[in-house]
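A, B, ... follow the sequence lines: proteins, then strands. Residue 1 opens every chain.
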Amino acid sequence: MIQITFPDKNIRSYEPGITPLQIAKSISEGLARNIIIAKINGETWDLNRPVNADSTIELLNVEHPTGKSTLWHSSAHLMAEALEIFYPGVKFGIGPPVDNGFYYDVDLGGKQITPDDFKKIEDKIIELARTANAYVRREVSKEEAIDFFTRKGDEYKLDLLKDLTDGTITFYTQGNFTDLCRGPHIPDTSWIKAVKLMNIAGAYWRGDDKGKQLTRIYGITFTKQKDLTEYLTLLEEAKKRDHRKLGKELELFTFSEKVGAGLPMWLPKGWLLRDQLEQFLRKAQRKMGYQQVATPHIGNKELYITSGHYEKYGKDSFQSIKTPQEGEEFFLKPMNCPHHCEIYRSRPYSYKDLPVRLAEFGTVYRYEQSGELSGLTRVRGFTQDDAHLFCRPDQVKEEFMKVIDLVMLVLNALEFNEFTAQISLRHQTDHSKYIGSDENWVKAEQAIIEAAAEKGLKTVIEYDEAAFYGPKLDFMVKDALGRKWQLGTIQVDYNLPERFDLEYTGSDNQKHRPVMIHRAPFGSMERFIALLIEHCAGNFPLWLSPNQVIVLPISENYVDFAKKVANVLTNADIRTLIDERDEKIGRKIRDAEIRKIPYILIVGDKEQQEGTVSVRKHSEGDKGSMSLDDFIKAINAEIQSKISDLQTVLD
RNA sequence: GCCAUCUUAGCUCAGCUGGUAGAGCAACUGAUUCGUAAUUAGUAGGUCGCAGGUUCGACUCCCGUAGAUGGCUCCA
């Protein structure tokens with residue numbers, strides 16, 4: 001007999017060779033019906049795979065993340081079976097589960113697949129699912145595996161097999177489809193009740209853009225039809241938050257083919273919003289000892305040769321600006337740091353002067369690949385809330401920690417509570433693409449890890465994600481569709497001070513090299529605002545809202561009174577509109593609600609008589625009437641609350 | 001840059017297998033003077049992204065190109 005330990009520490013005895021499914025049945029039929037996958041000693045395990053030794057067991061249902069990904073992994077296999085029916089000879093790359101479903105990379109050998117084909121494939125998947133074919137696990141030798149895929153003519157699987165040097169090789173078969181797969185899988189295909197193929201994309205084999213491009217088919221499945229319907233509704237809802245849609249509706253920004261792809265233009269309302277954010281950060285930075293500077297939008301080619309950017313990105317940048325002077329070339333600035341280094345060089349510094357913190361909302365231009373451009377999140381011209389801190393080596397950690405505070409201040413102020421802090425380090429072994437000494441890299445990486453740890457920041461470490469000149473700490477936030485974007489960033493750089501020969505005089509009266517920290521709490525104004533729009537679905541907090549109040553006269557007879565009210569508010573620095581249209585009040589309210597204006601003031605005969613306003617709050621409704629003075633007090637208190645939070649943190 | 005899809009009035013979208021375009025909202029003009037999410041009548045508005053080709057004839061088919069969208073690769 002073997003001893004099986006359950007999560008609640010209960011122990012039961014079974015015959016060796018018992019399967020997790022049988023164990024579940026021994027507890028209750030209901031449990032057995034619900035579970036989809038097991039974990040044996042922490043390892044995911046097929047429900048019908050025998051257990052032969054004393055073990056711990058966890059029985060997971062489809063709601064569990066592991067259960068879900070198992071369902072989707074099995075679904076990828078089922079889609080592959082369906083594809084083989086419609087496209088005989090199709091070759092398969094990899095077919096893993098992802099956050100929302102699964103994909104399979106396939107080589108259709110010159111044949112094409114379009115979204116029009118989805119319906120028939122989906123129908124076939126459901127048809128196959130109903131046969132309730134079991135997913136059968138089989139251990140095979142490497143020779144047998146190679147032989148199988150050689151006969152099948154699937155070079156991608158053979159390529160994968162090449163790298164499988166240790167451990168057991170397993171095949172999984174359901175119906176007429178056999179795949180090289182570590183597993184595990186759901187017991188049989190009947191679990192899959194609803195399927196939706198989402199889209200088609202090209203994907204390079206093994207992520208190599210020099211290599212062959214396969215067709216990637218994305219899909220998602222559920223164990224209930226209802227879950228699919230709910231998922232699709234959720235997607236529709238997410239699309240309503242899309243910053244590109246809201247940006248147009250709320251008149252925040254626009255693009256023009258004539259101006260150029262990826263070059264956003266801020267409309268008056270968008271600018272108001274952006275300006276508030278900039279003021280907010282400027283204020284915080286002033287308190288933290290930053291000095292604001294401004295630098296030109298272009299720089300001489302020599303500047304970027306010195307910085308190293310010319311060599312690294314020269315070919316893939318906007319090309320140089322020529323002048324009447326033979327041989328003279330300028331580049332649009334892709335970063336602000338070289339300019340700031342030259343500002344630092346403009347005077348000598350003592351160790352007592354450091355850190356020097358130079359801040360600039362600097363607009364930079366980068367020639368991003370055309371296929372990469374996306375709304376405000378990936379553009380070719382954008383403004384960084386940039387600053388460069390020049391400090392002594394002994395100040396790096398403390399400065400770094402202060403920047404973490406500033407980034408957290410920004411994220412908290414805008415209520416981004418769900419973010420990932422990612423430490424991006426060099427590739428673990430291949431250091432060929434980085435510049436700077438090994439010693440400095442080690443120092444910089446250490447400084448970041450320690451600073452983050454001391455700030456109690458929960459971080460994930462990613463190798464091969466560092467910038468070419470140094471490691472960084474990035475703050476990532478998800479957009480409405482679940483894609484992760486980098487917002488705030490902090491980067492340690494020992495390299496540029498070297499290249500620009502930056503110095504300070506130490507207490508020993510010798511010249512020393514300062515260390516540089518690049519940092520941008522918002523990252524770029526464009527991307528930050530894109531994420532902010534999606535985060536609050538266009539319902540901006542009062543202090544940021546482009547229009548804070550709209551005054552609606554009941555009829556034309558009260559327009560003069562409405563104007564008086566609006567004037568008082570404007571004089572109190574409240575961004576106020578007035579709707580003078582000859583429309584019924586219901587219509588004006590509806591339009592104001594759609595425009596997501598935080599406060600609606602309705603004025604008619606009663607208000608005029610009493611000198612009051614009738615207050616309505618966006619998406620909440622009627623709040624009753626109050627005197628104008630009281631309203632101003634209340635609204636100012638609400639606006640100031642964020643700013644005073646800020647004061648508290650900084651004091 | 002690569003793969004796929006899309007581009008029709010200011011906006012959102014119809015337009016079957018080729019016979020030179022249609023709705024709602026917005027805009028404009030008038031009526032209405034109104035109490036918490038759409039008052040009403042009328043008017044105007046498009047070389048169907050751009051440039052070629054096939055055809056008696058192209059919004060519709062083909063080629064190219066620009067832009068957008070979803071991915072891949074990239075991201076100082």
Side-chain angles (χ1 to χ4, degrees), chain A residues 98 103 105 112-116 198-218 239 242 244-245 248-249 251 255-262 304 307-314 316-317 333-338 364-375 377-380 384 435 465-470 472 481 483 485-486 489 491 493 495-496 518 524 527 552-559 582-595 600-607 614-625:
Chain A
V98 288
Y103 66 80
D105 283 348
Q112 275 231 338
I113 183 167
T114 77
D116 294 339
M198 301 305 292
N199 48 50
I200 298 173
Y204 299 106
W205 175 237
R206 303 211 143 183
D208 175 12
D209 64 349
K210 310 273 183 305
K212 172 117 181 151
Q213 192 162 36
L214 304 180
T215 304
R216 176 169 297 180
I217 305 168
Y218 284 90
K239 279 184 188 153
D242 192 315
R244 292 164 296 202
K245 182 178 154 67
K248 184 180 276 184
E249 285 171 4
E251 300 177 308
F255 287 90
S256 150
E257 265 185 51
K258 256 189 185 140
V259 171
Y304 301 108
S307 71
H309 292 106
Y310 180 77
E311 194 196 342
K312 191 85 184 170
Y313 292 103
D316 302 317
S317 300
K333 71 174 171 188
M335 336 177 60
N336 303 299
C337 32
V364 296
Y365 299 89
R366 298 177 182 176
Y367 190 77
E368 304 290 1
Q369 296 182 36
S370 57
E372 260 321 317
L373 301 175
S374 169
T377 46
R378 196 75 187 272
V379 288
R380 286 177 171 163
Q384 295 177 315
I435 57 179
E465 289 290 325
F468 74 96
Y469 54 77
K472 51 183 185 167
L481 295 174
R483 297 172 294 201
W485 296 94
Q486 174 212 304
T489 181
Q491 317 183 355
D493 187 352
N495 179 57
L496 275 188
H518 310 243
S524 95
R527 183 179 288 176
L552 310 184
I554 291 285
S555 80
E556 270 179 356
N557 299 331
Y558 309 102
V559 167
D582 182 10
E583 289 289 351
K584 294 174 83 165
I585 196 67
R587 174 53 182 276
K588 294 186 189 179
I589 288 167
R590 180 184 149 80
D591 288 346
E593 290 283 348
I594 288 169
R595 291 163 76 183
I600 297 168
L601 297 185
I602 293 155
V603 294
D605 193 44
K606 188 163 80 81
E607 288 75 15
S614 179
V615 180
R616 188 188 157 104
K617 197 166 182 178
H618 169 61
S619 74
E620 287 183 24
D622 196 353
K623 295 284 170 189
S625 64

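As rounded to whole Å, 10 Å separates atom P of B:C75 from atom CG of A:Asp209. The interatomic distance linking A:Glu257 (CD) with B:A51 (P) rounds to 13 Å, in whole Å. Going from atom CG of A:Asp591 over to atom P of B:C25 covers 13 Å, rounded to whole Å. Distance A:Arg590 CZ to B:A26 P: 9 Å, rounded to the nearest Å. As rounded to whole Å, 12 Å separates atom C1' of B:A66 from atom CZ of A:Arg380. The nearest whole Å value for the distance from the CG atom in A:Asp605 to the P atom in B:C34 is 9 Å. Remark: P of B:G35 and NZ of A:Lys588 are 12 Å apart, rounded to the nearest angstrom. A straight line from CD1 of A:Ile554 to P of B:U36 spans 8 Å, rounded to a whole angstrom.
Here the separation of B:U69 from B:U54, taken at their P atoms, is 35 Å to the nearest Å. Nucleotides B:G52 and B:C48 place their P atoms 13 Å apart, quoted to the nearest Å. For B:G71 and B:C25, the P atoms lie 35 Å apart once the distance is rounded to whole Å. Of the P atoms belonging to B:U12 and B:G30, the separation is 30 Å, rounded to the nearest Å.
Distances shorter than 4.0 Å separate some side-chain N or O of A:Ser370 from OP1 or OP2 on B:G1. Contact annotation: A:Gln369 does not reach the phosphate of B:C75 (side-chain N/O to OP1 or OP2, under 4.0 Å). Between A:Lys248 and the phosphate of B:U12, there is a side-chain N or O to OP1/OP2 separation shorter than 4.0 Å.
Between the side chain of A:Arg378 and the base of B:C75, at least one donor-acceptor pair of N or O atoms lies under 3.5 Å. Remark: the A:Tyr204 side chain and the B:G1 base include a donor-acceptor N/O pair separated by less than 3.5 Å. Taking only distance into account, the side chain of A:Ser374 never meets the base of B:U69 through a donor-acceptor pair shorter than 3.5 Å. Counting distance only, with no hydrogens placed and no angle test, the side-chain atoms of A:Arg616 and the base atoms of B:A37 include a donor-acceptor pair under 3.5 Å. Not a single donor-acceptor pair, N or O on each side, falls under 3.5 Å between the base of B:G1 and the side chain of A:Glu368.
Contact check on A:Lys588 versus A:Glu583 returns no salt bridge, with no Lys/Arg side-chain nitrogen under 4.0 Å from an Asp/Glu carboxylate oxygen.
Atoms CG and CZ, on A:Asp105 and A:Arg216 in that order, are 4.0 Å from each other to the nearest 0.5 Å.
Of the candidates B:C72, B:U36, B:C75, the closest approach to any side-chain atom of A:Arg366 belongs to B:C75. Side-chain atoms of A:Pro115 lie closest to B:A4 of the nucleotides B:A37, B:A4, B:A66. Set against B:A37, B:G70, B:A38, the side chain of A:Ile589 has B:A37 as its closest nucleotide. Ranking B:G71, B:A37, B:G1 by closeness to the A:Arg483 side chain, first place goes to B:G71. The side chain of A:Arg587 has B:A26 as its nearest neighbour among B:A26, B:A68, B:A37.
Counting heavy atoms from C-beta outward, A:Tyr558 and A:Asp605 have side chains that approach closer than 4.5 Å. Residues A:Leu373 and A:Arg380 have side chains in contact (heavy-atom distance under 4.5 Å, counting atoms from C-beta outward).
Along RNA chain B, the nucleotide closest to A:Ile113 and the one closest to A:Gly260 are compared, and the more 5′ of them pairs with A:Ile113. Residues A:Lys312 and A:Gly375 both approach RNA chain B. Their nearest nucleotides, taken by heavy-atom distance, put A:Gly375 toward the 5′ side.
Heavy atoms of other residues, nucleotides or ligands lying less than 6.0 angstrom from CD of A:Glu249 number more than 12.
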**Report entry** side chain to side chain donor-acceptor pair (under 3.5 Å) between A:Glu311 and A:Tyr304, intermediate numbers included
**Finding:** CA-CA 8 Å; A:Glu311 194 196 342; A:Tyr304 301 108; over 6 Å; no

